[in-house]
Protein chains: 2
Amino acid sequence: MSEVTDRYPVTERNKVRRLHERGRHDYASVYEILDAAMICHVSYVIDGQPYCTPTAFWREGNHLYWHGSSASRMLRTQKPGTPVCVTVTHLDSLVLARCGFNHSVDYRSAMCFGNAHIIDDLDEKAKLLELMIDRFYPGRNAELRPSTTQELKATMVIGMNIDEASGKVRNKGVGDEEEDYALPIYAARIPVTQVIGTPEDCPRLVEGVPFPKGLAGFTPGRRLDEIMRESYKKTYGET
Amino acid sequence: MSEVTDRYPVTERNKVRRLHERGRHDYASVYEILDAAMICHVSYVIDGQPYCTPTAFWREGNHLYWHGSSASRMLRTQKPGTPVCVTVTHLDSLVLARCGFNHSVDYRSAMCFGNAHIIDDLDEKAKLLELMIDRFYPGRNAELRPSTTQELKATMVIGMNIDEASGKVRNKGVGDEEEDYALPIYAARIPVTQVIGTPEDCPRLVEGVPFPKGLAGFTPGRRLDEIMRESYKKTYGET
């Protein structure tokens with residue numbers, strides 16, 4: 001049997017048990033869900049107690065990175081070897097069916113498992129944080145006031161190899177029992193999107209500073225997930 | 001000292017350590033963040049491994065409820081006494097500052113801690129699931145084909161008293177170092193909203209079935225968080 005190299009191994013941890021037709025274990029499907037997002041939820045355990053923290057994150061190859069203050073409890077806890085679960089969720093629609101049981105939502109989500117490690121090296125940290133900025137806002141890092149050593153020291157960067165992952169996608173809208181379709185009950189799919197509005201310039205913006213060319217994709221009304229995937233590709237290419 | 005009854009006790013678990021000016025511990029602030037959402041992320045621990053699962057949820061008083069298949073690993077694990085963390089996050093804007101360090105997002109988030117318990121009683125479960133539907137879609141339950149006993153048995157409902165919670169709100173847009181404002185670097189707040197689109201009627205909708213009056217708030221382009229808070233109040237009142 002040839003080795004399968006385009007997908008995560010399926011284990012007890014990332015097996016999609018329920019409605020497994022929704023499950024995805026290939027890298028491409030998982031990465032597509034991850035790269036469309038800016039915010040993830042990171043779960044970790046302290047003394048048996050689970051914590052779930054929202055944070056900005058990004059992907060580089062099969063690694064995820066996120067950051068925060070060096071004083072943050074979440075990050076201090078994530079020493080080498082600390083198991084974490086990073087979850088990304090996109091809500092795509094509300095699904096109103098003809099019975100309560102079949103009410104649902106369309107969504108895309110990814111759960112990634114791995115062990116968190118802290119990036120200690122200042123140079124590596126600086127490079128990663130620059131990539132974080134560019135991953136969200138292509139080309140922006142070159143336009144910024146460079147980070148100071150103090151700022152770098154005050155920032156903790158956490159990395160995690162994705163050891164296992166699963167994606168889940170529901171995209172079928174209304175799915176009722178066959179006999180229920182004849183009932184005179186309203187049923188619909190209501191799309192949900194996360195969109196950006198018109199950029200509000202900083203009130204103290206120096207006169208004449210133009211809107212950066214790298215942010216050309218950030219046009220009012222666009223879907224954030226589409227912008228995020230686009231920004232990702234502009235910075236990292238089709239990886 | 002009189003007893004404070006409008007807020008959660010602040011402990012090691014829900015203390016907002018970083019940037020504590022963003023922290024909220026009063027019930028009203030936490031409930032406002034929760035009631036504006038349909039989806040939460042539930043974290044739980046199995047054999048030391050954290051899991052983070054997105055799911056629809058709702059609040060009743062100081063309790064949170066969520067549901068899923070009786071076969072779901074997440075829910076089976078949440079036996080009485082299982083500690084969980086339920087987190088809700090609203091992304092409100094992207095904040096582009098003049099240096100990488102001050103890039104940020106405006107957001108509202110709530111972390112709730114408690115012990116999950118399974119609602120076993122079929123009647124109680126039925127009542128809760130009806131309230132779940134109405135909490136999202138006011139008045140809708142009365143219009144639906146009633147749930148069957150089989151459907152109720154196939155559904156697990158989990159409840160949790162919110163023992164401790166914290167809300168966090170960032171809403172200040174660009175916050176740069178004083179000396180950086182003079183730099184000729186673009187800085188802005190880009191609003192982010194989650195909005196609904198035009199309902200797509202089920203292709204098999206019986207002819208003449210009208211759009212329900214209870215869904216009057218679901219007008220295309222509206223913010224989902226506003227609709228959710230409105231739906232909550234219509235079903236539960238100002239609790």
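Atom set for the values below is all heavy atoms of this structure, side chains included, hydrogens, waters and symmetry mates excluded. Chain identifiers are assigned alphabetically (A, B, ...) following the order of the sequence lines, protein sequences preceding nucleic acid strands; residue numbering begins at 1 within each chain.
Between the side chains of H41(A) and T89(B), at least one donor N or O lies within less than 3.5 Å of an accepting N or O.
If you tally non-hydrogen atom pairs under 4.5 Å between each of L96(A), V192(A), L183(A), V206(A) and chain B, the highest count goes to L96(A). Chosen from P83(A), G48(A), C52(A), P184(A), the residue pairing most often with chain B at heavy-atom distances under 4.5 Å is C52(A). Put simply, of G197(A), G173(A), P203(A), the one with the most heavy-atom pairs under 4.5 Å next to chain B is G197(A). The candidate from I190(A), T193(A), L129(A) with the greatest count of non-hydrogen atom pairs under 4.5 Å with chain B is T193(A). Between chain B and the residues Q49(A), E207(A), Q194(A), R140(A), the largest count of heavy-atom pairs under 4.5 Å involves R140(A).
Heavy atoms of F136(B) lying under 4.5 Å from chain A are absent altogether. With a threshold of 4.5 angstrom between heavy atoms, V174(A) approaches chain B through side-chain atoms but not through N, CA, C or O. At a 4.5 Å heavy-atom cutoff, the contact between L94(A) and chain B is made by backbone and side-chain atoms alike. Both the backbone and the side chain of I196(B) come within less than 4.5 Å of a heavy atom in chain A. Contact annotation for T148(A): neither backbone nor side-chain heavy atoms come within less than 4.5 Å of a heavy atom of chain B. With a threshold of 4.5 angstrom between heavy atoms, S93(B) does not approach chain A through any atom at all. Interface remark: M132(A) contributes no atoms to any contact with chain B (heavy atom separation under 4.5 Å). Of the atoms belonging to R223(B), not a single heavy atom falls under 4.5 Å from chain A. With a 4.5 Å cut-off on non-hydrogen atoms, I39(A) touches chain B through its side chain but not through its backbone. Proximity to chain B is absent for every atom of V86(A), based on heavy atoms less than 4.5 angstrom apart. Proximity to chain B (any heavy atom under 4.5 Å) is shown, for Y107(A), by neither the backbone nor the side chain. For P146(B), no part lies near chain A; criterion is any non-hydrogen pair under 4.5 Å. Residue contact with chain B, scored on non-hydrogen atoms closer than 4.5 Å, involves the backbone of E143(A) exclusively. Residue I133(A) touches chain B through its side chain alone, counting heavy-atom pairs closer than 4.5 Å. Within the 4.5 angstrom heavy-atom criterion, only side-chain atoms of E177(A), from C-beta onward, approach chain B. For D180(A), the part lying under 4.5 angstrom from a heavy atom of chain B is the side chain only. At a 4.5 Å heavy-atom cutoff, A56(B) makes no contact with chain A through either its backbone or its side chain. Looking at L205(A), the atoms closer than 4.5 Å to chain B (heavy atoms on both sides) sit in the backbone and in the side chain alike.
What you find for Y186(A) and V209(B) is that their closest heavy atoms are N-CG1, 3.4 Å. Across every non-hydrogen atom of E151(A) and C99(B), the tightest pair is OE2-SG, 4.0 Å.
Classified by interplanar angle (parallel below 30°, tilted 30° to 60°, perpendicular above 60°), the ring pair F113(B)/Y51(A) is perpendicular.
You'll find the side chain of P199(B) stays beyond 4.5 Å of the side chain of R189(A), heavy atoms only. No side-chain heavy atom of D176(A) sits under 4.5 Å from any side-chain heavy atom of R145(B).
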Exercise. Should R204(A) and E178(B) be marked as a salt bridge (charged side-chain N to carboxylate O under 4.0 Å, His left out) after you check the CA-CA gap, both sets of side-chain angles, and the distance that decides it?
Worked result: CA-CA 11 Å; R204(A) 296 176 68 179; E178(B) 189 52 41; 2.5 Å; yes
Exercise. Can you check side-chain contact (heavy atoms from CB on, under 4.5 Å) on V105(A) and M38(B), steps first, answer last?
Worked result: CA-CA 10 Å; V105(A) 295; M38(B) 169 180 266; 3.9 Å; yes
Problem set entry | Steps toward side-chain contact (heavy atoms from CB on, under 4.5 Å) verdict (T53(B), T87(A)) | CA-CA 7 Å; T53(B) 303; T87(A) 298; over 6 Å; no
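Counting heavy-atom neighbours within 6.0 Å of Q150(A) CD, excluding the residue itself, gives a total of 12 or less.
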